[in-house]
Undergrad: 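Please read through the structure below; I'll follow up with questions.
A, B, ... follow the sequence lines: proteins, then strands. Residue 1 opens every chain.
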Number of protein chains: 4
Amino acid sequence: MKRKNKKSTDKHRRIIAAAVKVFAKNGFYNSKVSEIARAANVADGTIYLYFQNKDDILITLFEEEMQRILDAMRAAIAEHDDPAEKLKAFAKAHLSLLQSNAELAEIIQVELRQSSKFMKEYHNEKFYEYLNLISSIIREGQEKGVFRKDIEPGIAKRAIWGALDEMSRYWVLSSTRKYSIATAADEISSYFLRGMLAA
Amino acid sequence: MKRKNKKSTDKHRRIIAAAVKVFAKNGFYNSKVSEIARAANVADGTIYLYFQNKDDILITLFEEEMQRILDAMRAAIAEHDDPAEKLKAFAKAHLSLLQSNAELAEIIQVELRQSSKFMKEYHNEKFYEYLNLISSIIREGQEKGVFRKDIEPGIAKRAIWGALDEMSRYWVLSSTRKYSIATAADEISSYFLRGMLAA
Amino acid sequence: MKRKNKKSTDKHRRIIAAAVKVFAKNGFYNSKVSEIARAANVADGTIYLYFQNKDDILITLFEEEMQRILDAMRAAIAEHDDPAEKLKAFAKAHLSLLQSNAELAEIIQVELRQSSKFMKEYHNEKFYEYLNLISSIIREGQEKGVFRKDIEPGIAKRAIWGALDEMSRYWVLSSTRKYSIATAADEISSYFLRGMLAA
Amino acid sequence: MKRKNKKSTDKHRRIIAAAVKVFAKNGFYNSKVSEIARAANVADGTIYLYFQNKDDILITLFEEEMQRILDAMRAAIAEHDDPAEKLKAFAKAHLSLLQSNAELAEIIQVELRQSSKFMKEYHNEKFYEYLNLISSIIREGQEKGVFRKDIEPGIAKRAIWGALDEMSRYWVLSSTRKYSIATAADEISSYFLRGMLAA
DNA sequence: CATGAATGAGCTTTCATTCAT
DNA sequence: AATGAATGAAAGCTCATTCAT
């Protein structure tokens with residue numbers, strides 16, 4: 001590891017970390033590049049040595065952070081064999097990860113949905129990979145006879161993701177937290193696994 | 001009602017309608033007040049006779065449109081007695097309403113989550129009313145013994161809303177639609193009502 | 001004449017006039033739009049109501065001022081019948097006009113030759129019209145038997161323009177002026193005329 | 001001569017050569033120091049070991065290249081005794097030199113006239129030497145009785161230079177060349193000579 | 001009430017120059 | 001001497017908002 005290389009990587013990392021903080025606090029459009037620079041302890045111009053423009057910071061941030069989360073989710077799922085357990089593990093890991101990365105969660109919650117000029121063009125591959133983790137579990141469950149065959153994985157993956165995402169949004173935004181992560185994850189898993197009807 | 005008042009109301013309505021279109025197309029931050037003015041066929045300055053500023057347009061838009069949707073939802077639910085049927089009706093109505101108000105849906109999807117400086121301060125009452133329609137159904141179901149008593153309405157309402165919302169987001173954004181509204185609504189209702197486990 | 005119309009025209013004129021001064025003083029690239037705005041007594045943003053961008057100010061300035069000069073030159077030439085006299089009149093008028101529009105002259109001298117990205121694309125039609133005033137005189141002279149038939153109007157027009165232009169450049173840039181306009185114009189005319197007259 | 005010195009000189013030369021190319025292509029203000037560095041195969045910072053700043057590159061470039069041209073012109077003139085022949089030789093050499101140094105010509109054409117803040121301060125001595133080559137010829141011709149006594153060398157030198165310069169500008173900028181150098185040089189010389197010869 | 005021309009604060013981005021290595 | 005990553009001042013342009021008409 002040459003020092004230069006280390007330094008460069010370091011600045012890149014610092015800028016991304018600063019951007020996470022700043023975007024989470026103000027939202028993308030209310031964040032100034034100069035504020036990110038200040039938070040990263042670099043000069044304004046330095047940002048442009050590592051990123052093409054402000055949009056590129058956000059996109060790179062997504063790519064890199066989503067990859068980290070994807071990896072963590074895959075590891076969490078891999079610990080189980082039973083598809084139902086996998087789904088529970090997914091729910092728990094999702095809520096845990098987003099809670100311990102509250103700022104990143106905020107950005108994903110908000111900017112992921114941004115329909116701004118550039119976001120419409122940007123095809124968020126990592127997000128689709130994430131969603132497909134869910135449908136894979138469901139399909140596996142259907143093959144193993146654990147899940148109903150008439151479930152549409154394409155609908156279910158969105159329903160499950162939406163439910164979890166909204167839950168974590170609630171957590172991120174609310175100051176007081178009534179329920180623990182484990183409780184919420186189990187609760188939500190149970191809706192999907194057992195339904196809400198009384199037995 | 002004097003004519004002037006009527007005329008004013010008309011401009012107000014035209015501006016809101018124009019804002020829905022423009023915000024949906026570009027997102028809030030990429031929309032220009034002048035574009036809304038043009039779309040509403042009024043002068044730029046006229047906007048400021050009816051709204052305090054750009055933020056106020058968005059907030060008023062939410063308030064008014066959400067009220068319309070709330071009313072429609074209440075009516076849809078009121079047609080049923082069985083809480084399970086109410087939940088199904090809610091799902092169907094939600095997807096129908098958002099689909100037939102695609103532009104409004106887009107705005108709610110995107111801007112509702114905006115964490116921008118002003119959105120953080122704005123307490124979205126109508127949205128909470130909307131969410132509480134769901135928890136009311138659940139509580140009613142629990143009282144009637146239709147739903148499991150151990151369900152947390154505060155969690156469930158978010159899970160259900162998130163699932164439906166994500167589904168409608170998918171609809172709004174995707175060009176090809178594999179599933180009909182009825183199919184999707186039934187499917188999602190079934191997850192929550194019966195769960196996904198094989199019988 | 002409506003007042004608004006008048007006001008608009010006025011601002012356009014004031015900005016052009018200010019730009020002539022500022023560009024002449026600093027050159028195009030060292031001139032700031034804000035300085036032009038200040039000189040024109042308008043806000044920075046107002047510039048952009050009348051011009052697309054900084055380049056557009058320069059181009060418009062060329063078009064409009066060159067047109068005025070073209071018109072004056074045509075009038076000056078039209079007063080004579082003899083092509084030799086026309087050429088003398090052209091020389092005198094050229095030097096007079098540029099001297100009494102010293103700032104404009106400076107800009108034409110300098111920026112006309114700019115090879116900057118935008119100037120390469122901009123096809124300076126007015127300048128070619130101006131040059132062709134000279135070749136017209138020469139051709140007329142050749143037809144009337146006043147000028148040698150073997151003169152290439154395409155070369156001569158450039159030689160004459162170059163000679164006059166360099167002379168006026170000298171005037172614009174130097175503080176002390178040894179020769180009067182009339183002297184210099186006669187002198188330069190004589191170089192070309194006695195050389196070009198049929199023996 | 002130590003090797004280091006030699007090496008330094010080499011870098012100086014490479015930077016000047018690169019600057020000629022880059023300035024000719026983009027003009028001074030649209031040229032980036034980093035582009036010159038790249039073209040010269042040196043680091044950005046190295047430029048500042050050999051030149052004080054960007055302006056200094058242009059000025060040094062002028063000084064050195066003009067000196068080369070001056071030397072060549074003096075040699076070309078020295079081959080003739082007759083002042084009329086000297087003038088023809090000057091015209092031919094001027095056009096030849098500029099044509100075979102098209103990039104340098106472009107810079108001289110354009111930037112010589114730049115009235116930018118720094119160019120106004122820079123007193124272009126070499127250029128005056130160049131101009132005075134012409135007036136020397138004229139004075140010599142007047143002394144030898146070849147040229148009319150009433151010609152003002154101070155005006156004539158500028159007229160001749162302007163005519164030639166404009167002609168070469170035409171050459172530099174136009175892609176198709178109707179006339180050969182010899183033709184154009186003879187043509188232009190003839191305008192001035194036949195006009196200036198004593199009767 | 002309505003207009004829309006005018007405003008000017010504020011932002012992103014560039015690039016000449018520096019300096020630690 | 002040479003490097004090139006880092007700097008940060010500077011400027012063009014946008015657009016929400018105002019106010020004279």
Undergrad: In the 5'-to-3' direction, what one-character label does each nucleotide of nucleotides 10-16 of chain F receive under the scheme B = base within less than 4.0 Å of a protein heavy atom, S = sugar-phosphate only, - = no such atom?
TA: -SSBBSS
Undergrad: Take the protein atom CZ of A:R14 and the nucleotide atom C1' of F:dA5, then report the distance between them rounded to whole Å.
TA: 13 Å
Undergrad: Does a sphere of radius 6.0 Å around CD in A:E125 hold more than 12 heavy atoms from other residues, nucleotides or ligands, not counting ones at 6.0 Å or beyond?
TA: yes
Undergrad: In this structure, how many angstroms lie between the P atom of F:dA6 and the CG atom of A:N41, rounded?
TA: 13 Å
Undergrad: For E:dA2, does OP1 or OP2 lie under 4.0 Å from any side-chain N or O of B:Y50?
TA: yes
Undergrad: Among residues at least two apart in sequence or on other chains, which ones pass side chain to side chain donor-acceptor pair (under 3.5 Å) with C:T46?
TA: none
Undergrad: Whenever both distances are under 3.5 Å in a Watson-Crick or G-U wobble pair, mark it; put DNA chain F into dot-bracket that way, with [ ] for crossing pairs and | when the partner is on another strand.
TA: .||||||||||||||||||||
Undergrad: Considering only atom C1', compute the distance from E:dC1 to F:dT21 and round it to an integer number of Å.
TA: 13 Å
Undergrad: Write down the distance between CD (D:E35) and P (E:dT14), rounded to a whole number of angstrom.
TA: 15 Å
Undergrad: Check whether any side-chain heavy atom of B:Y50 sits under 4.5 Å from a side-chain heavy atom of B:I57, and report yes or no.
TA: no
Undergrad: Are the side chains of A:K54 and A:F28 in touch, meaning some heavy atoms are under 4.5 Å apart?
TA: yes
Undergrad: Which residues pass the side-chain contact (heavy atoms from CB on, under 4.5 Å) test with A:A105, sequence neighbours left out?
TA: A:L98, A:V172
Undergrad: Are the side chains of A:F51 and A:I59 in touch, meaning some heavy atoms are under 4.5 Å apart?
TA: no
Undergrad: How long is the line joining CZ of D:R38 and P of F:dT3, in whole Å?
TA: 15 Å
Undergrad: The criterion is side chain to side chain donor-acceptor pair (under 3.5 Å); which residues satisfy it with C:S31, sequence neighbours excluded?
TA: none
Undergrad: Quickly work out the A:I36 CD1 to E:dC11 C1' distance and round it to whole Å.
TA: 13 Å
Undergrad: Using atom types as modelled, flag every donor-acceptor pair under 3.5 Å from a side chain in residues 62-69 of chain D to any protein atom, sequence neighbours excluded.
TA:
| residue | atom | partner | partner atom | Å |
| --- | --- | --- | --- | --- |
| D:E63 | OE2 | D:Y122 | OH | 2.7 |
| D:E64 | OE1 | D:H12 | NE2 | 3.4 |
| D:E64 | OE2 | D:H12 | NE2 | 2.8 |
| D:E65 | OE1 | D:R68 | NH1 | 2.5 |
| D:Q67 | OE1 | D:K126 | NZ | 2.5 |
| D:Q67 | NE2 | D:D71 | OD1 | 3.0 |

Undergrad: For B:I107, which of B:N101, B:L58, B:V22 qualifies under side chain to side chain contact (heavy atoms under 4.5 Å, CB included)?
TA: B:L58
Undergrad: Send over the distance from A:N26 CG to E:dG10 P, rounded to a whole Å.
TA: 15 Å
Undergrad: With respect to the phosphate group of E:dA2, does any side-chain polar atom (N or O) of B:K11 fall under 4.0 Å of OP1 or OP2?
TA: yes
